[in-house]
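Per chain, numbering begins at 1; letters A, B, ... match sequence-line order.
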Protein chains: 2
Amino acid sequence: MAEVSDCLACYLNVLSKPEGLPDEERLLLDDIVVPPLRLEKRDVLCSQGASFDALYAVRTGCLKQETAIDSAETLLTAFWLPGDLIGCDAIDSGRYAGTVSALETATLCQLPFDRLETFRHRLPRLCRRLQNCISRSLREERLNLHQLLGRTAEARVACFLLAISACFQRRGYSPRSFRLPMSRSDIGSYLGLTQETVGRTFMAYQAQRLLAVRGREYHLLDLARLERLASSPGRRQKRP
Amino acid sequence: MAEVSDCLACYLNVLSKPEGLPDEERLLLDDIVVPPLRLEKRDVLCSQGASFDALYAVRTGCLKQETAIDSAETLLTAFWLPGDLIGCDAIDSGRYAGTVSALETATLCQLPFDRLETFRHRLPRLCRRLQNCISRSLREERLNLHQLLGRTAEARVACFLLAISACFQRRGYSPRSFRLPMSRSDIGSYLGLTQETVGRTFMAYQAQRLLAVRGREYHLLDLARLERLASSPGRRQKRP
DNA sequence: CGCCGCATTGAGTCCTATCAACCCTCGTGG
DNA sequence: CCACGAGGGTTGATAGGACTCAATGCGGCG
């Protein structure tokens with residue numbers, strides 16, 4: 001029982017709205033939710049191209065999504081942190097858009113999609129929340145990535161750190177100190193940079209007392225200045 | 001009557017699935033759809049931050065979405081072509097994510113969102129199509145933009161031309177010859193490049209007989225080679 | 001102990017932003 | 001009808017950022 005309502009809390013978090021769902025939807029959801037799932041480091045949650053059958057809500061841990069493009073190239077297209085919903089980009093195509101694997105031990109709730117579809121008419125509020133969740137992802141990623149496109153490595157890394165920081169803060173963790181289980185290479189692939197450049201940028205930040213990094217432990221020392229760096233055009237400013 | 005079913009056809013195109021909606025949904029939709037809207041060049045469809053009240057399906061013409069970031073910087077975050085659905089990124093926030101304006105004369109169908117919500121329970125198929133549409137956008141943009149992040153100007157421009165080409169082809173127009181009403185500067189802002197670099201890249205393509213450009217008329221002369229360019233990592237290849 | 005993955009550091013090269021100049025077209029107003 | 005100006009497009013020179021290639025250090029794990 002405790003387990004199931006935990007799951008419910010998890011969904012409410014993910015499909016975030018402060019007020020809860022109507023009782024009838026909560027009860028029905030209890031019926032649909034699959035008990036939590038546990039992945040160890042390097043375990044694969046789903047493979048690119050595999051048939052889409054469930055959404056997953058991240059409860060703890062960190063995962064990455066890798067999409068093979070070109071038979072020779074694969075991109076890191078997403079990181080998933082606690083509170084994120086995995087699989088929103090697979091709903092229409094019916095296949096997972098990339099291979100999702102755990103960067104560290106992780107626990108997830110599974111929401112089988114066919115059962116959600118079956119009961120769609122009895123879960124109007126939940127569906128609306130799901131719709132909102134996808135809409136928000138679309139808006140935020142579109143903006144973030146377009147912003148990154150015109151930025152220097154310095155600004156891209158700052159954007160990345162601040163995004164992570166904001167995410168942790170929303171979940172109730174410290175926005176200034178955290179551990180990130182991904183490698184420099186992962187971060188580079190996600191940001192469109194090389195691992196060397198990512199590492200060098202961290203070093204430059206450290207020299208400026210903006211950041212303290214030791215291995216994969218990060219301490220943001222000056223959020224205000226990082227924000228200024230993140231939104232500094234670096235290149236690309238028009239002069240009207 | 002013709003007008004209304006035209007609108008319906010428009011939606012079916014936008015929320016694309018070959019088979020039609022059930023009759024009951026078609027009839028209800030006729031009731032919801034607002035007769036087509038016409039915009040002239042430079043007319044504004046909606047302003048960033050304005051209250052979100054409708055989705056718009058592009059019937060003809062071309063529009064752009066500009067998002068102000070920083071009080072000093074505004075990014076071109078989307079182009080909208082015939083068949084596209086405008087406003088998917090505003091559903092959850094209740095505010096339009098950017099200012100959308102016409103780059104040339106355009107006609108659109110308006111779908112008031114509150115009425116869609118009111119009849120949500122009687123439009124299950126339509127809602128599902130909307131959900132699919134947003135999911136697809138999320139996946140495609142995520143992939144495209146992450147791809148662009150690591151690419152040279154040469155490859156970015158090729159990606160852009162091919163995306164446009166594919167879009168026109170899907171709508172039944174020529175994939176090799178088209179007019180694009182946006183300026184070099186618009187394209188640059190969208191791709192994270194300067195107008196000079198965009199123009200120079202076009203010139204370089206012309207010198208290689210890949211492309212013929214005159215003003216805003218484009219003729220793709222060698223799709224295969226363009227595709228190779230678009231997916232050539234340019235930089236960023238790992239050697240394992 | 002020795003290997004392997006990851007991180008750091010350095011030198012050289014290429015790409016692209018920047019700044020500046022010039023051309024063209026078009027719409028406006030005298 | 002023409003002059004003018006604004007906006008968009010093209011071209012060139014320069015400087016700096018980031019990739020590439022290569023070598024070294026570090027840590028965990030078999």
Side-chain angles (χ1 to χ4, degrees), chain A residues 40-42 64 73 75-76 101 103-104 148-160 179-207 211-218 229 232-240, chain B residues 40-42 64 73 75-76 101 103-104 148-160 179-207 211-218 229 232-240:
Chain A
E40 296 303 326
K41 185 173 175 175
R42 290 169 168 269
K64 67 176 174 182
E73 189 183 10
L75 296 177
L76 212 164
S101 60
L103 287 164
E104 61 187 346
L148 289 185
L149 270 178
R151 295 261 189 286
T152 62
E154 193 178 50
R156 289 188 193 186
V157 171
C159 283
F160 174 74
R179 213 186 75 85
L180 293 180
M182 60 284 268
S183 68
R184 305 283 188 268
S185 184
D186 286 335
I187 299 174
S189 176
Y190 182 77
L191 293 175
L193 302 170
T194 60
Q195 51 164 330
E196 295 96 323
T197 301
V198 173
R200 278 190 251 258
T201 306
F202 283 153
M203 292 300 140
Y205 283 167
Q206 271 193 119
L211 171 72
V213 208
R214 276 185 41 105
R216 298 182 177 185
E217 284 289 339
Y218 297 77
L229 270 182
S232 113
R235 31 191 184 174
R236 143 85 36 58
Q237 72 249 38
K238 297 281 154 57
R239 320 200 328 76
Chain B
E40 297 304 327
K41 186 172 176 177
R42 291 168 167 267
K64 66 175 173 181
E73 189 182 9
L75 296 177
L76 212 163
S101 60
L103 287 163
E104 61 187 347
L148 289 185
L149 270 177
R151 294 261 188 287
T152 61
E154 193 178 50
R156 290 187 192 186
V157 172
C159 283
F160 174 75
R179 213 186 74 86
L180 293 180
M182 62 285 269
S183 69
R184 305 283 188 269
S185 183
D186 285 335
I187 298 173
S189 177
Y190 182 78
L191 293 176
L193 302 169
T194 60
Q195 51 163 326
E196 294 96 325
T197 301
V198 173
R200 277 190 252 259
T201 307
F202 283 153
M203 291 301 139
Y205 282 166
Q206 271 193 120
L211 172 72
V213 207
R214 278 186 40 107
R216 299 181 175 184
E217 285 288 340
Y218 297 78
L229 270 183
S232 114
R235 33 196 180 167
R236 144 86 31 57
Q237 71 250 39
K238 295 283 156 52
R239 324 199 326 78

Problem - Net bend of the helix from C:dC1-D:dG30 to C:dG30-D:dC1, end axes of five pairs each, nearest 10 degrees - result: 30°
Handout entry: Minimal non-hydrogen separation, B:Leu193 against B:Val198, with atom names
Key = CB-CG2, 4.2 Å
Handout entry: Non-hydrogen atoms of A:Tyr190 and B:Leu149 that approach each other most closely
Key = O-CD1, 3.7 Å
Practice task
Would you please confirm or rule out a distance under 4.0 Å between OP1 or OP2 of D:dC19 and any side-chain N or O of A:Thr197?
Solution key: yes
Fill in the blank from the handout: Output for pair (A:Leu211 CG, A:Thr201 OG1), nearest 0.5 Å, gives 10.5 Å
Measure the distance from [atom1] on [X] to [atom2] on [N] and round it to the nearest whole Å.
{"X": "A:Leu193", "N": "C:dC15", "atom1": "CG", "atom2": "P", "answer": "18 Å"}
{"X": "A:Arg151", "N": "D:dA18", "atom1": "CZ", "atom2": "P", "answer": "13 Å"}
{"X": "A:Glu73", "N": "D:dC19", "atom1": "CD", "atom2": "P", "answer": "13 Å"}
{"X": "B:Lys41", "N": "D:dG7", "atom1": "NZ", "atom2": "C1'", "answer": "10 Å"}
{"X": "B:Ile187", "N": "D:dG9", "atom1": "CD1", "atom2": "P", "answer": "8 Å"}
{"X": "A:Glu154", "N": "D:dC19", "atom1": "CD", "atom2": "P", "answer": "14 Å"}
{"X": "A:Arg156", "N": "D:dG17", "atom1": "CZ", "atom2": "P", "answer": "14 Å"}

Handout entry: Residues that B:Thr197 engages under side chain to side chain donor-acceptor pair (under 3.5 Å), provided they are two or more places apart
Key = B:Thr194
Problem - Pairs flagged by salt bridge (Lys or Arg N to Asp or Glu O under 4.0 Å) wherever residues 179-206 of chain B is involved - sequence neighbours left out - result: B:Lys64-B:Asp186, B:Glu104-B:Arg179
Completion exercise
Nucleotide by nucleotide, nucleotides 3-9 of chain C touches protein heavy atoms under 4.0 Å in the pattern (B base, S sugar-phosphate only, - none) ---SSSB
Exercise for the section: Would you sort out whether B:Leu180 and B:Phe160 count as a side chain to side chain contact (heavy atoms under 4.5 Å, CB included), showing the intermediate values? Expected result: CA-CA 12 Å; B:Leu180 293 180; B:Phe160 174 75; 4.1 Å; yes
Exercise for the section: Keeping the roles fixed (side chain from A:Arg156, backbone from A:Gly192), state whether a donor-acceptor pair exists under 3.5 Å. Expected result: yes
Practice task
Return yes if some donor-acceptor pair links the side-chain N/O of B:Glu154 with the main-chain N/O of B:Leu229 below 3.5 Å, else return no.
Solution key: no
Practice task
Find out whether B:Arg216 and B:Ser183 are in side-chain contact, i.e. whether some heavy atom of one side chain is under 4.5 Å from a heavy atom of the other.
Solution key: yes
